[in-house]
A.B. asks: 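One structure is given below, represented as structure tokens, and several questions about it will come after.
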There are 2 protein chains.
Amino acid sequence: MLKERTSKYDQRYLAAVDAAAAVFAEKGYHAAGTIDIADRLNIKQGSLYYYFRSKEAALEAVCLEGIRHQISYLQSVMDEGHSFSDSIRKLVTYTLSALEERSDYMIVFDRHRQVIPLEKRGKIRDQSNTYHKLLEELFEQARQNDELKPDLDVHISVRAFTGLLSSAGSWYQMKQSIDLDVVAKQYSDIFLFGSCAV
Amino acid sequence: MLKERTSKYDQRYLAAVDAAAAVFAEKGYHAAGTIDIADRLNIKQGSLYYYFRSKEAALEAVCLEGIRHQISYLQSVMDEGHSFSDSIRKLVTYTLSALEERSDYMIVFDRHRQVIPLEKRGKIRDQSNTYHKLLEELFEQARQNDELKPDLDVHISVRAFTGLLSSAGSWYQMKQSIDLDVVAKQYSDIFLFGSCAV
DNA sequence: AATTTTTTATATAGATCTATAGAATTTCTT
DNA sequence: AAGAAATTCTATAGATCTATATAAAAAATT
């Protein structure tokens with residue numbers, strides 16, 4: 001007796017993950033209570049445990065869903081086989097827009113994934129590694145195509161790039177009606193060509 | 001009856017702030033208990049309240065001490081009047097080394113400052129603004145000296161730079177015996193001159 | 001040494017929060 | 001419609017944690 005792909009349960013489960021993401025992002029994992037998640041779903045606190053074995057399991061679900069999305073976009077960009085600079089531009093632009101539409105997941109992954117005890121963090125670490133491996137692959141190819149400066153270490157460059165991306169979060173926080181396309185272009189330009197005149 | 005500058009109390013108070021920083025950095029603000037801080041100071045949980053009005057006050061103290069240090073270094077670099085590129089290199093190098101020596105404060109400021117309710121976050125916000133204003137000043141001067149690419153918006157560049165700096169934290173986490181000078185050089189190079197060949 | 005001040009200890013009130021067990025209700029299936 | 005399955009509710013045990021009030025001890029001052 002197999003479930004359909006979007007049975008009632010699965011839909012509701014995803015709604016629960018979404019509610020958890022929203023609550024954790026807003027209040028932080030520990031400050032948030034299971035009652036906050038339940039409220040958002042219009043069910044009682046105890047009923048939440050029909051969907052999650054524990055509060056921590058809810059956090060793990062949010063983190064996994066968040067990184068899964070990022071990986072699948074990165075994969076698609078790489079499959080399309082753009083030049084290095086175009087790939088960078090696409091990734092920056094996408095990350096900034098994702099911060100508008102899926103900010104909850106990104107914030108939770110960023111800030112709270114480490115709450116999960118090391119011994120239970122395996123799946124998340126795996127996904128995280130996959131993401132970094134893919135990025136390193138992208139940079140390594142660029143290097144072999146002479147699109148990357150030859151004296152740059154790939155690992156360090158990847159870290160610098162992810163750092164740049166993470167700062168994108170600060171734009172979301174202060175929504176000063178900023179044109180994200182402008183920000184994305186400038187971020188990409190700086191990473192690709194630097195900020196220094198001459 | 002004025003206190004000396006380093007009376008017994010002040011020393012002990014600073015030790016308490018330091019213990020709080022270590023505990024908050026390791027466990028996270030909410031997961032950490034006041035008992036953990038007290039243990040580290042070899043006093044009982046209740047005694048901690050001789051130094052802090054509340055757990056939240058301890059967090060605020062840690063954050064303020066953390067940002068204060070960053071500001072004073074930035075200020076000193078700016079006072080020395082280096083070129084833009086040298087200033088960037090100095091700041092990157094310093095931030096990476098600070099992550100080794102004062103990682104607790106930096107981590108707590110980064111991850112947990114937002115736990116403090118908005119209405120009580122005034123002081124921290126002020127310090128944060130000061131830091132950003134100083135950086136913007138640095139970039140603005142560079143721009144006027146034609147050391148910064150003329151088409152770059154100063155605000156966005158500053159954010160990109162702080163993003164780069166924040167990713168420095170990831171090096172600390174995976175201490176793979178990495179030479180921080182090498183990382184600092186490459187981070188600076190990328191920010192100043194880009195990663196793209198040609 | 002006696003007295004005042006500073007620092008730490010003890011004990012606990014009061015609040016909060018997770019997770020569970022079992023009952024009740026709704027939805028689905030036949 | 002009756003029965004089965006899925007979903008939600010109720011009530012609560014049990015654990016934890018902050019903050020306070022008061023007592024004790026240690027240090028400083030006279």
Side-chain angles (χ1 to χ4, degrees), chain A residues 1-63 108 112 115-117 119-120, chain B residues 1-63 108 112 115-117 119-120:
Chain A
M1 186 173 58
L2 290 170
K3 299 240 180 211
E4 300 173 44
R5 214 151 56 93
T6 35
S7 69
K8 179 78 189 289
Y9 175 86
D10 288 344
Q11 279 181 266
R12 203 87 178 106
Y13 173 76
L14 285 182
V17 175
D18 218 57
V23 169
F24 290 158
E26 188 189 331
K27 295 191 154 194
Y29 174 76
H30 281 98
T34 48
I35 193 174
D36 299 314
I37 304 172
D39 279 353
R40 191 173 269 255
L41 289 166
N42 280 104
I43 60 177
K44 301 294 170 185
Q45 184 263 337
S47 308
L48 198 64
Y49 285 73
Y50 182 67
Y51 295 102
F52 298 118
R53 188 171 19 79
S54 68
K55 186 184 173 188
E56 198 177 280
L59 175 61
E60 190 184 15
V62 172
C63 290
V108 172
H112 304 297
V115 166
I116 298 172
E119 67 269 18
K120 298 182 195 164
Chain B
M1 188 175 57
L2 289 171
K3 299 242 180 210
E4 301 172 44
R5 215 152 52 95
T6 34
S7 69
K8 179 80 188 287
Y9 175 85
D10 288 345
Q11 282 181 264
R12 203 85 179 105
Y13 172 77
L14 285 182
V17 175
D18 219 56
V23 169
F24 290 158
E26 188 190 330
K27 295 190 153 195
Y29 174 77
H30 281 99
T34 48
I35 194 173
D36 300 314
I37 304 172
D39 280 351
R40 188 171 272 255
L41 289 167
N42 281 104
I43 60 176
K44 301 294 171 184
Q45 183 261 339
S47 307
L48 196 64
Y49 284 74
Y50 181 67
Y51 296 103
F52 298 119
R53 189 170 20 77
S54 68
K55 184 183 173 188
E56 197 177 281
L59 175 60
E60 190 184 15
V62 173
C63 289
V108 172
H112 304 296
V115 167
I116 298 171
E119 66 270 18
K120 298 180 194 164

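Note on naming: letters A, B, ... go to the chains in the order of the sequence lines (proteins, then strands), and numbering restarts at 1 for each one.
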A.B. asks: For a quick check of understanding: with a heavy-atom distance under 4.0 Å over all strands, which category does A:G46 fall into, base, sugar-phosphate or nothing?
C.D. replies: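 If one applies the 4.0 Å heavy-atom cut-off, A:G46 turns out to touch a base.
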A.B. asks: From CD of A:Q11 over to P of D:dA6, roughly how many Å is that when rounded to an integer?
C.D. replies: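 Result: 16 Å.
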A.B. asks: Considering residues, nucleotides and ligands other than A:I35, do more than 12 of their heavy atoms fall under 6.0 Å from its CD1?
C.D. replies: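 Not more than 12 within 6.0 Å, no.
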A.B. asks: Counting the atoms with a prime plus P, OP1 and OP2 as sugar-phosphate, which does A:A57 contact under 4.0 Å by heavy atoms, base, sugar-phosphate, or nothing?
C.D. replies: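 Since no nucleic acid heavy atom lies under 4.0 Å of A:A57, the category is nothing.
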A.B. asks: Cationic tip of A:K8 within the cone over A:Y13's six-membered ring, i.e. under 6.0 Å and within 45° of the normal?
C.D. replies: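 No, A:K8 does not lie over the aromatic ring of A:Y13.
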A.B. asks: Taking donor-acceptor contacts at under 3.5 Å, does the side chain of B:E56 reach the base of D:dA19?
C.D. replies: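 Between D:dA19 and B:E56, which were checked side chain against base, a qualifying N/O pair under 3.5 Å is absent.
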A.B. asks: Using side chain to side chain contact (heavy atoms under 4.5 Å, CB included), reason through A:F52 and A:T34 one step at a time and then give a plain yes or no.
C.D. replies: CA-CA 10 Å; A:F52 298 118; A:T34 48; over 6 Å; no
A.B. asks: Examine the base of C:dA9 for any acceptor or donor lying under 3.5 Å from a partner atom in the side chain of B:S47, and report the outcome as yes or no.
C.D. replies: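 Such a pair is found, so the answer is yes.
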A.B. asks: Please pick, from D:dC9, C:dA19, D:dT20, the nucleotide with the shortest atom-to-atom distance to any side-chain atom of B:Y49.
C.D. replies: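 Shortest atom-to-atom distance from the side chain points to D:dT20.
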A.B. asks: Output yes when a side-chain donor or acceptor of A:K55 lies under 3.5 Å from a complementary backbone atom of A:A32, and no otherwise.
C.D. replies: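 Judged by distance alone, yes, a pair lies under 3.5 Å.
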A.B. asks: So, OP1 or OP2 of D:dA6: does either fall under 4.0 Å of a side-chain N or O from A:R12?
C.D. replies: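 For A:R12, the contact criterion (side-chain N or O under 4.0 Å from OP1 or OP2 of D:dA6) is not met.
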A.B. asks: Taking OH from B:Y13 and P from C:dT7, how many angstroms apart are they, rounded to a whole number?
C.D. replies: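 Between P of C:dT7 and OH of B:Y13: 14 Å.
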A.B. asks: What is the distance, rounded to the nearest whole Å, between atom CG of B:L41 and atom P of C:dT7?
C.D. replies: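 Taking CG of B:L41 and P of C:dT7, I get 14 Å after rounding.
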A.B. asks: Counting only side-chain N and O atoms of B:K55, is one of them less than 4.0 Å from OP1 or OP2 of D:dT18?
C.D. replies: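 True: B:K55 side-chain N/O within range (under 4.0 Å) of D:dT18 OP1/OP2.
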A.B. asks: How many whole angstroms separate atom CG of B:L48 from atom C1' of C:dT7?
C.D. replies: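 It works out to 13 Å between those atoms.
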A.B. asks: Think A:Y51 has a side-chain N or O under 4.0 angstrom from the OP1 or OP2 of D:dT8?
C.D. replies: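 For D:dT8, OP1 or OP2 has a side-chain N or O of A:Y51 closer than 4.0 Å.
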A.B. asks: Would you say C:dT7 has OP1 or OP2 under 4.0 Å from some side-chain N or O of B:Y50?
C.D. replies: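 Checking C:dT7 against B:Y50, a side-chain N or O does come within under 4.0 Å of OP1 or OP2.
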A.B. asks: Base, sugar-phosphate, or nothing for B:A31, non-hydrogen atoms under 4.0 angstrom?
C.D. replies: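 Here B:A31 touches no strand at all.
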A.B. asks: Report the residue (A:Q45 or B:I43) whose heavy-atom-nearest nucleotide on DNA chain C is the more 5′ of the two.
C.D. replies: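 Final value for this comparison: B:I43.
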A.B. asks: What is the distance, to the nearest angstrom, from the NZ atom on B:K44 to the C1' atom on D:dA21?
C.D. replies: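 So the NZ-C1' distance, B:K44 to D:dA21, works out to 19 Å.
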A.B. asks: Can you tell me how far C1' of D:dA15 sits from CD1 of B:I35, to the nearest Å?
C.D. replies: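 Those two atoms, CD1 and C1', are 14 Å apart.
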A.B. asks: From NE2 of B:H30 over to P of D:dT16, roughly how many Å is that when rounded to an integer?
C.D. replies: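 After rounding, the reported distance stands at 18 Å.
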A.B. asks: Among A:D36, A:D39, A:V108, exactly one meets side chain to side chain contact (heavy atoms under 4.5 Å, CB included) together with A:V23. Which residue is that?
C.D. replies: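 Running side chain to side chain contact (heavy atoms under 4.5 Å, CB included) over A:D36, A:D39, A:V108 with A:V23 returns exactly one hit, A:D36.
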A.B. asks: May I have the distance from A:R53 (atom CZ) to C:dT20 (atom P), rounded to whole angstrom?
C.D. replies: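 After rounding, the reported distance stands at 10 Å.
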